[in-house]
Trainee: 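Dumping the structure here so I can ask a few things about it.
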Amino acid sequence: MSYWSDPVRQVPLDKVTGLPVRISIHEAMKRDGCRILGIPTVYDRVVGTAIRQVIEPMFKPTFEDCSHGFRPDRGPLTALKRIVIILKEGDLCVFETDIAACFPNIPHQPVLDMSIDIVNDPRVIELIHRIMRSPLDTTPEEPNLSGLHQGGPLSPLMCNIYLTGYDREMTAARFKLIRYADDIIVFCMTEQEAILAREFSAQSLANVGLEQKESKTHLRHAADSFVFLGYDIMLKDDWIRVRASEKAVGKLDLKVTKKMVEYTHGELKEVCDDLREIFAGWLGHFGAVNVSYQIEDLDVLVRKKVMRGLCKRDRNTVKCGHVKLPSLLDMWHTRHQQFQQRHGTMISEQKFRR
């Protein structure tokens, strides 16, 4: 086999904004607020995507129903729908956590052993192994001997494969688990059961060499609100409310602010194009499940910020109607209609009683 992958480019991102930060990789590794993505070359991404498309259907029957992250037929919406169903059943005590440095701590050999049982093709397994061993750009002569490159097309699938054992242990213990990659949430009837779930989860992860991140491990009640996948979920007056969290709103605000800081006079068209792209990206995750009043407030806030940042000529151009700024609300309405045609009523519009 002649294929060998090229070194993976490391890019530090700020966990709050999701934007790249201009610091060294060594400094980013010391900061808890940074996430380091490993970006393969275009050629290696094509190879990794092709392998994933071939083997992913083989693993689909082996995954548990509680796994929702990075699967073709699953996503944030399926996870949120499941959360609403569980809350309606009366499981209102919530244990939430995520896995500390999940991707960097996943060992290669156990994942390969699990893959061999399903794929049963030595050539494909060898390709997967070579992709996992892709060196980093900081040490291009040294193969990566442990951990997955967070940012590669194969890594999320490998993560799901490795954590399937954890899913099965939690499910077998009759815990109502929802896992999205390394984000974990468990619903229980009582606080004592939630404490037991926390201890059982920690032991199950320890069995595969992983651990819960203490700073992200909490026990809550649904009436006090909790955040999962960027959504704020709360039981209020016997109704379940689902909307974008304050942190998610802050991310949108920061991206718009950054764009207006970079803006210079006479770039109105470029500003509109970039804002449209920012709104589309945010609505891609938060638009399908949301409430209109939150979008309306955000639309007003963003428009005011953009208008204040424009030069006088561009501001007059917008006021005269010669150029129309992208509207977060209009884009949400379009997405809202498309979603209703495909899936029916949106979660946030359904008023569920316990």
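Any value given below was found using the heavy atoms of this structure, including those in side chains, with hydrogens, waters and symmetry copies removed. Remember, it's a predicted structure, so these values are computed and weren't measured experimentally.
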Trainee: With a 4.5 Å cut-off on side-chain heavy atoms, are K247 and V227 touching?
Mentor: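 V227 does not reach K247 side chain to side chain.
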
Trainee: Under the side-chain hydrogen bond (donor to acceptor under 3.5 Å, both in side chains) criterion, do T264 and E267 qualify, and how do the steps go?
Mentor: CA-CA 6 Å; T264 56; E267 292 185 347; 3.0 Å; yes

Trainee: Are the side chain of R335 and the backbone of G284 linked by a donor-acceptor contact shorter than 3.5 Å?
Mentor: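 Pair found, side chain donor or acceptor close to backbone of G284.
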
Trainee: In terms of side-chain geometry, is the basic nitrogen of D330 or K324 positioned less than 4.0 Å from the acidic oxygen of its partner?
Mentor: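 So D330 pairs with K324 through a salt bridge.
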
Trainee: So, does T164 use its side chain to make a donor-acceptor pair with the main chain of F63 at under 3.5 Å?
Mentor: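 Checked: no pair found.
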
Trainee: Is the backbone N or O of I295 less than 3.5 Å from a side-chain atom of D299, with the two atoms forming a donor-acceptor pair by type?
Mentor: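 Checked: no pair found.
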
Trainee: Verify the distance criterion only: is there a donor paired with an acceptor across the side chains of D232 and S225 at less than 3.5 Å?
Mentor: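 Yes, side-chain donor-acceptor contact under 3.5 Å.
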
Trainee: Is there a donor-acceptor contact under 3.5 Å from the side chain of W282 to the main chain of A248?
Mentor: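 Yes, the answer is positive, given that a donor and an acceptor are paired below the 3.5 Å cut-off.
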
Trainee: Is any side-chain heavy atom of Y166 closer than 4.5 Å to a side-chain heavy atom of L210?
Mentor: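 No, every pair of side-chain atoms sits at 4.5 Å or beyond.
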
Trainee: State the SG-CG distance between C102 and L148, to the nearest 0.5 angstrom.
Mentor: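 If I round to the nearest 0.5 Å, the distance is 8.0 Å.
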
Trainee: Salt bridge or not between K216 and D183? Use side-chain N to carboxylate O under 4.0 Å.
Mentor: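 D183 and K216: not salt-bridged.
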
Trainee: Go through Y180 and F70 one step at a time and tell me if the ring-ring contact (aromatic ring centres under 6.0 Å, His included) criterion holds.
Mentor: CA-CA 8 Å; Y180 194 98; F70 303 106; 5.8 Å; yes

Trainee: Counting only heavy atoms not in N120 (residues, nucleotides, ligands), do more than 12 fall under 6.0 Å from its CG?
Mentor: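 Atom CG in N120 is not packed in, count stays at 12 or less.
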
Trainee: For the residue pair Y263 and D274, establish whether any side-chain heavy-atom pair is separated by less than 4.5 Å.
Mentor: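 Contact flag for Y263/D274 side chains = no.
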
Trainee: Could you label the plane-to-plane angle of the F226 and F187 rings as parallel, tilted or perpendicular, counting under 30° as parallel and over 60° as perpendicular?
Mentor: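 F226 vs F187 ring planes: perpendicular.
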
Trainee: Any sub-3.5 Å donor-acceptor pair from S201's side-chain atoms to R198's backbone N or O?
Mentor: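 Looks like no, no N/O pair under 3.5 Å.
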
Trainee: May I ask you to decide if G151's main-chain N or O and S155's side chain share a donor-acceptor pair within less than 3.5 Å?
Mentor: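 Answer holds: no.
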
Trainee: Is there a donor-acceptor pair closer than 3.5 Å between any side-chain N or O of E64 and the backbone N or O of T171?
Mentor: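 Between the backbone of T171 and the side chain of E64 there is no qualifying donor-acceptor contact (under 3.5 Å).
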
Trainee: Over all heavy atoms of both residues, which pair between N105 and A100 is shortest? Give the atoms and the distance, please.
Mentor: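 Smallest heavy-atom distance, with atoms named: ND2-O, 3.5 Å.
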
Trainee: Check this for me: E270, atom CD, are more than 12 non-hydrogen atoms of other residues, nucleotides or ligands nearer than 6.0 Å?
Mentor: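 It does: E270 CD has more than 12 such atoms within range.
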
Trainee: Using the ring of each side chain (for Trp, its six-membered ring), is H108 parallel, tilted or perpendicular to H129, with breaks at 30° and 60°?
Mentor: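 Taking H129 first and then H108, their aromatic rings stand perpendicular (interplane angle over 60°).
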
Trainee: Looking only at heavy atoms, what is the nearest atom pair of D65 and R74, with distance?
Mentor: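 It is O-NH1, 2.8 Å.
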
Trainee: Would you say R130's side chain and Y3's backbone share a donor-acceptor pair under 3.5 angstrom?
Mentor: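 Such a contact is found between R130 side chain and Y3 backbone.
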
Trainee: Do F200 and E169 have side chains that get closer than 4.5 Å, going by heavy atoms?
Mentor: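 Yes, at least one pair of side-chain atoms sits under 4.5 Å.
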
Trainee: Main chain of V46, side chain of T49: is a donor-acceptor contact present, judged purely on distance under 3.5 Å?
Mentor: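 No: the side chain of T49 does not pair with the backbone of V46.
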
